[in-house]
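As structure tokens, the structure follows; a few thoughts come after it.
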Amino acid sequence: MYADGDVPCRLGEVGEADLGRTTAMMRCLYPGWVIEAAAGSNLWDGVYPPDGRAYAGSWPGVELVCDRRVMVDLPSQLPDELVAASAGRRMVLHAMHSVVDWLAFGVWEDGRLIRSLSLSPDSGIVENIGEPLPFEVPYWAGERRAEVIPWPDEDDEPYALPFHPLEMGEDALRALCGFIVEGRPDPGDVDADAIGLHGFLVRDPDAPDPAVKEAALRAAAAMGPPRTYVLGPDGTLIKRDAL
């Protein structure tokens with residue numbers, strides 16, 4: 001998200017995004033890429049688009065893009081063109097993945113990174129740049145320790161981090177962007193479900209054609225289970241039953 005000032009305040013004032021303005025923003029953020037209009041979504045449903053798709057909106061004073069390509073392990077390594085677009089305004093990156101309990105977020109002011117954090121229980125703290133922001137303080141102080149519910153008949157092992165990244169992630173999303181995607185919303189939260197976003201198919205012209213990749217996956221699925229043969233005593237191939 002990009003904003004002239006506080007993101008939640010700006011986001012709480014928006015109406016329907018203009019398609020032409022949003023398309024122009026996408027072409028600026030993805031220079032040289034193939035960009036085509038597609039079905040849209042809303043901010044609540046669209047935070048994790050399908051592969052190859054982006055949901056976006058541009059309004060005076062605030063712009064946003066939801067795209068899995070920005071889910072980078074190191075926020076400090078975000079592509080230059082995305083950071084350059086933050087000149088003269090604030091930029092917020094927020095990414096979570098519940099399968100691996102991963103959280104990453106970053107905050108830039110006028111193109112300068114002031115805070116970056118990326119962590120997961122498997123990888124530990126991957127990046128930690130700048131001073132913790134106010135919403136982080138209770139977590140680092142040990143006031144929001146992760147609760148571990150062990151599997152039946154298994155020992156209760158301590159969580160690999162002092163807190164759960166996804167819990168901090170929701171607080172980060174509320175503090176930095178004004179809304180949440182899990183849990184009970186507060187009265188002052190932005191209604192993300194009411195913010196419509198335009199959809200785009202976005203493709204790097206130098207990358208493999210996703211249609212070719214999808215066709216290969218369909219062909220592999222249609223082949224069925226692999227067949228194994230062994231060489232018989234007389235030199236013929238004998239099909240071996242699957243284990």
Side-chain angles (χ1 to χ4, degrees), residues 1-4 7-8 10-11 14-87 89-100 102-108 111 116 118 169 172-173 176-182 190-214 217:
M1 294 193 179
Y2 304 89
D4 298 335
V7 174
R10 289 290 187 176
L11 199 59
V14 303
E16 182 177 355
D18 178 75
L19 178 58
R21 181 188 182 101
T22 303
T23 302
M25 176 197 70
M26 291 294 294
R27 298 196 184 283
C28 177
L29 297 180
Y30 297 82
W33 287 46
V34 178
I35 299 175
E36 301 174 358
S41 184
N42 59 62
L43 183 55
W44 191 83
D45 282 327
V47 291
Y48 191 73
D51 191 23
R53 184 177 299 240
Y55 298 121
S58 176
W59 305 265
V62 61
E63 297 179 312
L64 68 90
V65 178
C66 301
D67 188 344
R68 283 160 55 179
R69 295 179 187 86
V70 304
M71 296 179 67
V72 294
D73 290 334
L74 302 173
S76 64
Q77 301 302 311
L78 202 64
D80 292 340
E81 57 269 20
L82 298 181
V83 177
S86 68
R89 53 185 179 170
R90 162 172 280 213
M91 180 175 77
V92 171
L93 167 71
H94 186 280
M96 292 192 300
H97 203 301
S98 60
V99 174
V100 293
W102 170 67
L103 164 67
F105 66 85
V107 180
W108 290 255
S116 171
S118 176
L173 190 59
L176 298 175
C177 303
F179 68 100
I180 59 173
V181 293
E182 295 287 346
V190 172
D191 184 2
D193 190 52
I195 298 178
L197 302 178
H198 297 290
F200 299 90
L201 299 177
V202 184
R203 181 171 60 86
D204 183 350
D206 298 325
D209 189 337
V212 175
K213 178 181 177 182
E214 183 179 351
L217 291 174

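- In terms of modelled atom types and a separation under 3.5 Å, the side chain of Arg90 and the main chain of Val7 share no donor-acceptor contact.
- Here the closest non-hydrogen pair linking Arg21 and Ser58 is NE-OG, 3.0 Å.
- No side-chain heavy atom of Cys177 sits under 4.5 Å from any side-chain heavy atom of Phe105.
- With contacts defined as side-chain heavy-atom distances shorter than 4.5 Å, the pair Val65/Val70 does not qualify.
- Between Ser86 and Val83 there is a side-chain heavy-atom pair separated by less than 4.5 Å.
- Side-chain contact check for Leu43 versus Leu197: some heavy-atom pair is nearer than 4.5 Å.
- Looking at heavy atoms from C-beta onward, Val14 lies out of side-chain contact with Val190 at the 4.5 angstrom threshold.
- Applying the ring pair (Phe, Tyr, Trp, His ring centres under 6.0 Å) test to every pair with at least one member in residues 39-81, sequence neighbours left out, gives these pairs: Tyr48-His97.
- Taken to the nearest 0.5 Å, the CE atom of Met96 stands 9.0 Å off from the CE atom of Met71.
- The two residues Arg53 and Ala38 come nearest to each other via the heavy atoms NH1-CB, 3.4 Å.
- Side chains of Met91 and Leu78 form a contact here, defined as non-hydrogen atoms less than 4.5 Å apart.
- Residues forming a side-chain hydrogen bond (donor to acceptor under 3.5 Å, both in side chains) with Ser98 (at least two apart in sequence, or on another chain): none.
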Solution key, residues 23-35 side-chain donor-acceptor pairs under 3.5 Å, sequence neighbours excluded:
from, atom 1, to, atom 2, distance (Å)
Thr23, OG1, Leu19, O, 2.8
Tyr30, OH, Asp67, OD2, 2.6

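- Scored by the ring-ring contact (aromatic ring centres under 6.0 Å, His included) test, Phe200 finds no partners at all (sequence neighbours excluded).
- A distance of 10.5 Å separates CG of Leu11 from CG of Asp191, quoted to the nearest 0.5 Å.
- When the side-chain hydrogen bond (donor to acceptor under 3.5 Å, both in side chains) test is applied to Ser118, the partners found at least two apart in sequence or on another chain are Trp102.
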Pair Arg69-Asp204, side-chain contact (heavy atoms from CB on, under 4.5 Å): steps then yes or no: CA-CA 11 Å; Arg69 295 179 187 86; Asp204 183 350; over 6 Å; no
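- Put simply, SG on Cys66 and CE on Met1 are 6.5 Å apart, with the number rounded to the nearest 0.5 Å.
- Pairing each heavy atom of Ser76 with each of Ser116, the nearest pair is N-OG, 4.2 Å.
- To the nearest 0.5 Å, atoms CG (Leu103) and CG (Leu173) are separated by 10.0 Å.
- Counting heavy atoms from C-beta outward, Phe179 and Asp193 have side chains that stay 4.5 Å or more apart.
- The salt bridge (charged side-chain N to carboxylate O under 4.0 Å, His left out) test applied to Arg89 returns Glu63, not counting sequence neighbours.
- Few gaps surround CD on Glu81; more than 12 heavy atoms of other groups in view lie less than 6.0 Å from it.
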